[in-house]
> 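My questions will all concern the structure given below.
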2 protein chains.
Amino acid sequence: MLSRMASSTRSVDRTLKLLTDLADPDQGKSLSDLARASQLPPSTALRLLAALVDSGFASRDVDGGYHPGHRLIQIGAAALREDSVHEHSGPHLMEIAHDTGETANLGIQIEGERVLYLRQVASPRLIQGVGWVGRSIPMTGTAMGAALTGDVDASGYAWTEGSVEPDVVAVAAPVRGASGGIIAALSVLAPSYRTDRAKIEEIGACLVEHCRALSEGLGAIDDRKAVAA
Amino acid sequence: MLSRMASSTRSVDRTLKLLTDLADPDQGKSLSDLARASQLPPSTALRLLAALVDSGFASRDVDGGYHPGHRLIQIGAAALREDSVHEHSGPHLMEIAHDTGETANLGIQIEGERVLYLRQVASPRLIQGVGWVGRSIPMTGTAMGAALTGDVDASGYAWTEGSVEPDVVAVAAPVRGASGGIIAALSVLAPSYRTDRAKIEEIGACLVEHCRALSEGLGAIDDRKAVAA
DNA sequence: CAGACCGTTCCATTGTGTAGAACGCTGCTG
DNA sequence: CAGCAGCGTTCTACACAATGGAACGGTCTG
């Protein structure tokens with residue numbers, strides 16, 4: 001691993017890595033956890049985390065554990081607000097969740113090879129435990145990934161079974177921006193046992209229709225340049 | 001300004017400052033703008049920003065301007081998801097906006113002295129231009145601030161006129177967590193000309209009711225410790 | 001009680017971050 | 001058209017900020 005001859009900014013790179021780990025829901029949040037995840041000596045991790053705490057990017061609870069800080073929440077909220085897709089998808093997601101009775105999601109492509117769940121409206125009747133917002137899944141083999149690459153059937157949607165989780169059907173359709181390119185995807189996740197072929201078609205039609213409306217709204221409003229680069 | 005003898009982490013502190021400025025909607029986004037805002041020589045700012053870009057925290061558009069990057073969006077989404085207040089306030093905000101016909105907001109206290117707008121549902125009929133999410137206002141003299149400090153009238157809400165913006169009435173009520181402390185506030189913003197005393201009372205009653213329901217939901221679910229510290 | 005693991009402080013070493021100088025570029029303005 | 005101002009960028013020698021090993025006290029386990 002003698003990589004990174006990029007620009008000689010070790011402490012900064014390390015701190016940003018720590019910051020990323022800090023926001024990762026799957027990670028432990030103790031000093032040693034974070035130090036180990038970043039392959040740093042505890043003393044170094046401690047100092048860098050202290051800098052994050054000083055700046056409000058992290059906070060510590062009484063047990064000494066680290067959490068995302070208020071500044072991170074502030075910046076995140078501001079960044080999301082600048083994302084017009086996120087902004088306008090809200091009502092559509094709610095309608096989709098209502099009409100299909102299943103969980104509706106908004107996803108975008110990040111880092112070229114993954115899908116980030118940006119927003120989620122849970123099935124109205126089902127009290128759903130897991131939230132996927134902020135997590136990412138691979139592009140390949142998933143309905144979201146197919147939709148984001150434009151790999152959809154004649155009706156305009158893609159679907160898979162068991163790709164994200166076992167016994168779950170995923171249906172997805174692409175959202176297009178003002179430039180015509182695909183900038184996001186809407187999807188629905190539903191348990192396999194209550195999802196037959198007819199249901200999938202119904203969901204697909206619903207998604208395609210809402211994606212069309214959402215794309216139209218986005219095209220009319222603004223062309224945010226570097227939002228999903 | 002000979003402060004910060006804190007812990008000797010200059011480059012990190014500076015980078016985090018740049019990151020904060022980057023997400024500030026009111027700031028210019030060119031290299032010189034950011035360098036000036038942080039009082040840094042351009043060469044230094046360039047290198048630190050390059051580190052942010054390398055890590056995906058920032059991105060550059062074709063003009064050379066800087067923007068929040070995908071990682072920032074990812075982290076922001078994850079951080080917001082961990083905030084149970086944000087999560088559960090959604091339906092309440094929508095109902096409030098629907099029932100009152102005005103814009104409903106969720107705010108929390110940050111840095112001890114300011115109120116951060118975390119979430120907003122615009123008035124259903126009014127196509128509202130400005131979004132306040134991610135921005136902050138002072139505690140003192142605002143309805144949000146009063147609600148967050150518990151400074152409410154007998155009915156359980158606080159209101160002001162013209163404190164955030166001229167000719168706007170603000171009404172706010174506190175949300176309480178499992179520990180009983182105030183962790184957030186819901187508010188409604190309405191133009192003065194269509195808001196008389198009776199309307200304010202109506203809005204106040206609506207807010208208090210929803211805050212009660214929201215607090216109950218939060219108390220029953222989970223006690224997120226350091227979320228508003 | 002020994003051992004493991006934790007968070008934290010300290011400090012000599014060194015390598016990373018710093019900022020000034022210099023360059024090419026674009027867009028003003030007299 | 002020449003002159004100037006401001007931009008983004010590269011390069012470099014120097015100095016100081018960042019590093020991580022060692023050592024300490026605390027808590028938890030077996």
Side-chain angles (χ1 to χ4, degrees), chain A residues 1-22 24 26-69 225-226 229, chain B residues 1-22 24 26-69 225-226 229:
Chain A
M1 298 215 182
L2 38 104
S3 55
R4 290 301 144 118
M5 56 159 299
S7 50
S8 73
T9 332
R10 204 152 58 132
S11 62
V12 172
D13 293 336
R14 290 170 159 186
T15 306
L16 294 177
K17 175 71 164 65
L18 281 173
L19 190 55
T20 304
D21 291 338
L22 191 62
D24 185 346
D26 303 323
Q27 297 255 354
K29 296 289 164 46
S30 75
L31 172 62
S32 345
D33 289 335
L34 293 166
R36 222 171 303 114
S38 300
Q39 310 210 40
L40 290 177
S43 56
T44 301
L46 180 69
R47 191 165 24 82
L48 298 178
L49 283 168
L52 286 174
V53 171
D54 279 347
S55 313
F57 280 82
S59 68
R60 309 195 70 171
D61 60 21
V62 283
D63 309 329
Y66 290 89
H67 296 267
K225 299 171 207 170
Chain B
M1 295 214 181
L2 38 104
S3 54
R4 293 300 145 117
M5 57 158 299
S7 50
S8 76
T9 334
R10 203 150 61 129
S11 62
V12 173
D13 293 336
R14 290 169 157 187
T15 306
L16 294 177
K17 175 71 164 65
L18 281 172
L19 190 55
T20 304
D21 292 338
L22 191 62
D24 185 346
D26 303 323
Q27 296 253 358
K29 298 287 165 47
S30 75
L31 171 62
S32 343
D33 289 334
L34 294 166
R36 223 173 300 114
S38 300
Q39 309 210 42
L40 289 177
S43 57
T44 301
L46 180 71
R47 191 165 26 81
L48 298 179
L49 283 168
L52 286 174
V53 171
D54 278 348
S55 313
F57 279 83
S59 67
R60 308 195 72 172
D61 59 22
V62 282
D63 310 328
Y66 290 89
H67 296 267
K225 297 169 208 173

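The model shown is predicted, which means the values in this text are computed figures rather than measured ones. Per chain, numbering begins at 1; letters A, B, ... match sequence-line order.
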> Quick one: does Arg14(A)'s side chain get under 4.5 Å of Leu18(A)'s, heavy atoms only?
no

> If you compare every side-chain N and O of Arg60(B) against the phosphate oxygens of dT9(D) (OP1, OP2), does one of them come in below 4.0 Å?
yes

> Rounded to whole Å, how long is the line connecting atom CG of Asp63(B) with atom P of dT26(C)?
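Asp63(B) atom CG is separated from dT26(C) atom P by 14 Å.
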
> Carefully, step by step, assess Thr15(B) and Thr15(A) under the rule side-chain contact (heavy atoms from CB on, under 4.5 Å).
CA-CA 10 Å; Thr15(B) 306; Thr15(A) 306; over 6 Å; no

> In whole Å, what is the span from the CG atom of Leu40(B) to the P atom of dG20(C)?
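To the nearest whole Å, that distance equals 11 Å.
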
> Roughly how many Å is it from CG in Leu46(A) to C1' in dC24(D), rounded to a whole number?
15 Å

> Looking at dT9(D), dT18(C), dA18(D), which one has an atom nearest to any side-chain atom of Arg47(A)?
dA18(D)

> Using whole Å, what does the distance between atom C1' of nucleotide dA19(C) and atom CZ of Arg14(B) come to?
9 Å

> Leu34(A) has an atom CG; how far is it from atom C1' of dG7(C), in whole Å?
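Distance, rounded to whole Å: 13 Å.
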
> I want to confirm an ordering. Mapping Ser43(A) and Leu48(B) to their closest nucleotides on DNA chain C, which one lands closer to the 5' end?
Ser43(A)

> Could you tell me whether the side chain of Asp33(A) and the main chain of Arg36(A) form a donor-acceptor pair under 3.5 Å?
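Flag not set: sc Asp33(A) to bb Arg36(A) has no pair under 3.5 Å.
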
> So which nucleotide from dT10(D), dA17(D), dG17(C) ends up closest to the side chain of Arg10(B)?
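Among dT10(D), dA17(D), dG17(C), the one nearest the side chain of Arg10(B) is dA17(D).
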
> Find the distance Leu49(A):CG to dT9(C):P and express it as a whole number of Å.
13 Å

> Checking Asp61(B) side chain against Asp63(B) main chain: does a donor-acceptor pair fall under 3.5 Å?
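It does hold such a pair.
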
> Name the closest nucleotide to the Thr9(B) side chain, picking from dT9(D), dT8(C), dA18(D).
dA18(D)

> Considering only side-chain heavy atoms of Ser11(B), which listed nucleotide, dT18(C), dG8(D), dT19(D), is closest?
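Nearest nucleotide to the side chain: dT18(C).
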
> Contact between Asp13(B) and Ser55(A) at the side-chain level, heavy atoms closer than 4.5 Å - yes or no?
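In contact.
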
> To the nearest Å, give me how far apart CG (Asp33(A)) and P (dG7(C)) are.
8 Å

> Let me know the distance between CG of Leu31(B) and C1' of dC7(D), rounded to the nearest Å.
8 Å

> Let me spell it out: for each of Val12(B) and Pro42(A), pick the nucleotide of DNA chain C with the closest heavy atom. Which residue's pick is nearer the 5' end?
Pro42(A)

> Which of these nucleotides, dG7(C), dT10(D), dA19(C), is closest to any side-chain atom of Pro41(B)?
dA19(C)

> Are OP1 or OP2 of dT18(C) and a side-chain N or O of Thr44(B) less than 4.0 angstrom apart?
no

> Give the nucleotide from the list dC7(D), dA18(D), dG20(D) with an atom nearest to the side chain of Arg36(B).
dC7(D)

